[in-house]
*Asks:* 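Before anything else, here's the structure in question.
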Amino acid sequence: MFAGKTILTGVKPTGTPHLGNYLGAIKPAIRLGNDAIAQGGKHYMFIADYHAINAEKDPAVLNQKMKEIACIYLAGGLDPEKSCFYRQSDIPEIPEITTILYAYTPKGFMNKAHAYKACVDKNREAGKPDDDGINMGLYTYPTLMAADILAYNTDIVPVGKDQVQHVEIARDISGAINAHYSKELLKQPTYCFDDNIAVVPGVDGRKMSKSYGNVIPCFADDATIKKAVFSVKTDSRPMEEPKDPEEIIVYQIFKALASPAQLQEMAEGLKQGKLGYGHIKNMLLSAVLDEMKEVRDKYNYYMAHYDDVEQLLAQGATKARPVAQATLKRLKDAVFGR
Ligand code: ADP
Ligand code: TRP
């Protein structure tokens with residue numbers, strides 16, 4: 001599927017990743033990148049820091065999130081020698097390409113983009129003017145994302161379902177430019193998503209999300225992880241009462257981590273009234289700590305040696321930049337008739 005293809009993924013450095021992010025996005029993205037490389041494809045993975053400034057204005061927070069995300073991807077097994085791992089803001093051609101793309105981006109696309117629409121809906125619910133607190137960075141963000149994708153001649157963008165619309169916008173913009181100049185100036189990207197990736201519930205049973213404050217912070221220390229796991233909501237039924245595992249939040253989270261044998265053990269224990277909530281929370285805690293052990297050790301190592309990580313990001317930018325430069329040159333030559 002990936003032979004000879006260019007795969008590109010971007011991640012916004014906002015919020016410290018939690019177990020849902022790690023299992024639902026980070027780990028699968030690293031695996032997919034490594035698979036693509038093994039199959040003879042090219043893999044670009046970048047940290048979308050220009051996207052982050054739309055929402056976060058504190059430099060210290062931005063810097064900290066950048067460090068965390070960079071270290072997490074490296075700790076999770078991204079190979080910076082084989083993948084091209086870089087920071088968006090190290091590639092000045094991206095905003096230049098964005099400027100050219102603006103001229104081919106119908107304003108109506110931005111009005112329809114769901115991140116913007118969600119903010120408008122929130123404002124309406126709160127009885128505020130539609131565009132209250134919405135900056136142009138957020139409004140035009142799909143065009144910047146199109147530049148991220150189109151700069152590197154990307155074939156496939158692995159995405160969560162919420163990002164499909166943005167890749168379609170990138171396709172539409174590149175299609176319009178190619179049609180106008182009657183040549184393939186820009187590669188038309190497609191997306192793929194993995195239907196098998198489950199949504200991990202949070203400690204209250206809703207989707208685990210930083211905005212609900214219901215996360216298991218899997219890169220924190222053991223005590224913090226333990227506290228979160230033991231805060232998973234349970235009821236007051238006694239251990240002996242047989243329970244349907246599917247109704248138990250601890251079990252639902254465990255599903256995202258456990259082996260089939262471990263899962264069966266917990267399910268049977270609950271059905272037969274042989275495992276209490278304390279037991280199953282300990283089982284979940286062990287599974288989280290096992291899953292995260294090696295990754296957290298490496299993460300802590302990279303955080304403590306961040307100068308090395310900076311160097312890796314700089315090397316990644318050195319590899320990525322000539323490709324973006326070539327795309328920019330192609331565009332400028334066509335647009336300005338040079
Ligand atoms: P949050 O909901 O905490 O704000 P984001 O929306 O920033 O998380 O999501 C970042 C990535 O993590 C996305 O690709 C998203 O699909 C994935 N993700 C977030 N929460 C979960 C979850 N609970 N289960 C699985 N994947 C998740
Ligand atoms: N918009 C993506 C998100 O919110 C991050 C992103 C920026 C991205 N540019 C990209 C993802 C290009 C894929 C390709 O998660």
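When a ligand or atom number is given, it counts from 1 through the structure's own listing order.
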*Asks:* Side chain, backbone, both or neither: which applies to I149 and ligand 2 if a contact is any heavy-atom pair less than 4.0 Å apart?
*Replies:* side chain
*Asks:* Between the side chains of D172 and Y104, is a donor N or O closer than 3.5 angstrom to an acceptor N or O?
*Replies:* no
*Asks:* Identify the closest protein heavy atom to atom 9 (N) of ligand 2: which residue and atom is it, and at what distance?
*Replies:*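 So the nearest neighbour among protein heavy atoms is D148 OD2, 2.8 Å.
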*Asks:* Side chain or backbone, does T9 bring an N or O within less than 3.5 Å of an N or O on ligand 2?
*Replies:*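 So ligand 2 has no N or O lying under 3.5 Å from an N or O of T9.
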*Asks:* So which heavy atom in the protein is nearest atom 3 (C) of ligand 2, and how far is it from that ligand atom?
*Replies:* Q163 NE2, 3.4 Å
*Asks:* In ligand 2, which numbered atoms sit nearer than 4.0 Å to a non-hydrogen atom of V157?
*Replies:*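 Within the 4.0 Å cut-off of V157, ligand 2 contributes 13 (C), 14 (C).
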*Asks:* Under a 3.5 Å threshold, yes or no: a donor from one side chain and an acceptor from the other, between D333 and Y181?
*Replies:* no
*Asks:* Any side-chain donor-acceptor pair under 3.5 Å between Y277 and D235?
*Replies:*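 Judged by distance alone, the side chains do pair up.
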*Asks:* Return a yes/no value for G20: is any of its N or O atoms, backbone included, closer than 3.5 angstrom to an N or O of ligand 1?
*Replies:* yes
*Asks:* Identify, by atom number and element, the atoms of ligand 1 in contact range of M208, meaning under 4.0 Å from any of its heavy atoms.
*Replies:* 20 (N), 21 (C), 22 (C), 23 (N)
*Asks:* For a quick test of reading the model, state the closest non-hydrogen atom pair linking V11 to M45 and the distance between them.
*Replies:* CG1-CE, 3.8 Å
*Asks:* Please examine the side chains of K243 and K271, heavy atoms only from C-beta on, and report whether any two atoms are closer than 4.5 Å.
*Replies:*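 No. Closest side-chain heavy atoms not under 4.5 Å.
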*Asks:* Checking side-chain polar atoms at under 3.5 Å, does Q188 have a donor or acceptor matched by the opposite partner on N178?
*Replies:*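 No, N178 and Q188 have no side-chain donor paired with an acceptor closer than 3.5 Å.
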*Asks:* Do F219 and Y22 make the cut of ring centroids closer than 6.0 angstrom?
*Replies:* yes
*Asks:* Using heavy-atom distances, let me know which of I216, T16, L19, N21 sits nearest atom 18 (N) of ligand 1.
*Replies:*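 When every heavy atom of I216, T16, L19, N21 is considered, N21 comes closest to atom 18 (N) of ligand 1.
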*Asks:* What protein heavy atom lies closest to atom 13 (C) of ligand 2? Include the residue and the distance to one decimal.
*Replies:* G10 N, 3.4 Å
*Asks:* Would I47 and Q88 count as a side chain to side chain contact (heavy atoms under 4.5 Å, CB included) if you check the C-alpha gap in whole Å, the side-chain angles of each, and the deciding distance to 0.1 Å?
*Replies:* CA-CA 6 Å; I47 306 179; Q88 183 188 32; over 6 Å; no
*Asks:* Evaluate the 4.0 Å heavy atom contact test for atom 9 (O) of ligand 1: does a protein atom fall under the cut-off?
*Replies:* yes
*Asks:* Can you find a side-chain donor-acceptor pair between H305 and D308 that sits under 3.5 Å?
*Replies:*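 No, no side-chain donor-acceptor pair sits under 3.5 Å.
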*Asks:* Counting only heavy atoms closer than 4.0 Å, does ligand 2 sit against the backbone of H51, its side chain, both, or neither?
*Replies:* side chain
*Asks:* Treating E168 as the side-chain partner and T190 as the backbone partner, does any N or O pair qualify as donor plus acceptor under 3.5 Å?
*Replies:* no
*Asks:* Would you name the heavy atoms of A170 and L150 that are closest together and state the gap between them?
*Replies:* O-CD1, 3.9 Å
*Asks:* Just let me know how P201 lines up against ligand 1, side chain, backbone, both or neither, with a heavy-atom cut-off below 4.0 Å.
*Replies:* neither
*Asks:* Around atom 24 (N) of ligand 1, find the nearest protein heavy atom and jot down its residue, atom name and distance.
*Replies:*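 Heavy-atom neighbour on the protein nearest atom 24 (N) of ligand 1: V200 N, 2.8 Å.
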*Asks:* Report yes if the distance between the aromatic ring centroids of F85 and H43 is under 6.0 Å, otherwise no.
*Replies:*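 Here the rings of H43 and F85 have centres that are no less than 6.0 Å from each other.
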*Asks:* Would you tell me which option among G160, A25, A256 has the nearest heavy-atom contact to atom 13 (C) of ligand 1?
*Replies:* A25
*Asks:* What atoms of ligand 2 come within less than 4.0 Å of a heavy atom belonging to F46?
*Replies:*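 Result: 9 (N), 10 (C), 12 (C).
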*Asks:* Return the closest protein heavy atom for atom 14 (C) of ligand 2 as residue, atom name and distance.
*Replies:* L8 CD2, 3.5 Å
*Asks:* Look at atom 1 (N) of ligand 2 and say which protein heavy atom is nearest, naming residue and atom and giving the distance to 0.1 Å.
*Replies:* Y141 OH, 2.7 Å
*Asks:* Would you say S209 has any N or O atom under 3.5 Å from an N or O of ligand 1, going by distance alone?
*Replies:*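 Yes: some nitrogen or oxygen of S209 is under 3.5 Å from one in ligand 1.
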*Asks:* Tell me which one of K12, K210, K207, Q163 gets a heavy atom nearest to atom 4 (O) of ligand 1.
*Replies:*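 Looking at heavy atoms only, K210 sits closest to atom 4 (O) of ligand 1.
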*Asks:* Assess A198 for proximity to ligand 1: is some non-hydrogen atom of it under 4.0 Å away?
*Replies:* yes
*Asks:* As a test of the contact definition, would atom 15 (C) of ligand 1 count as having a protein heavy-atom neighbour under 4.0 Å?
*Replies:*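 No.
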*Asks:* Can you tell me if N123 uses its side chain to pair, donor with acceptor, with the backbone of K128 under 3.5 Å?
*Replies:*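 It does not hold such a pair.
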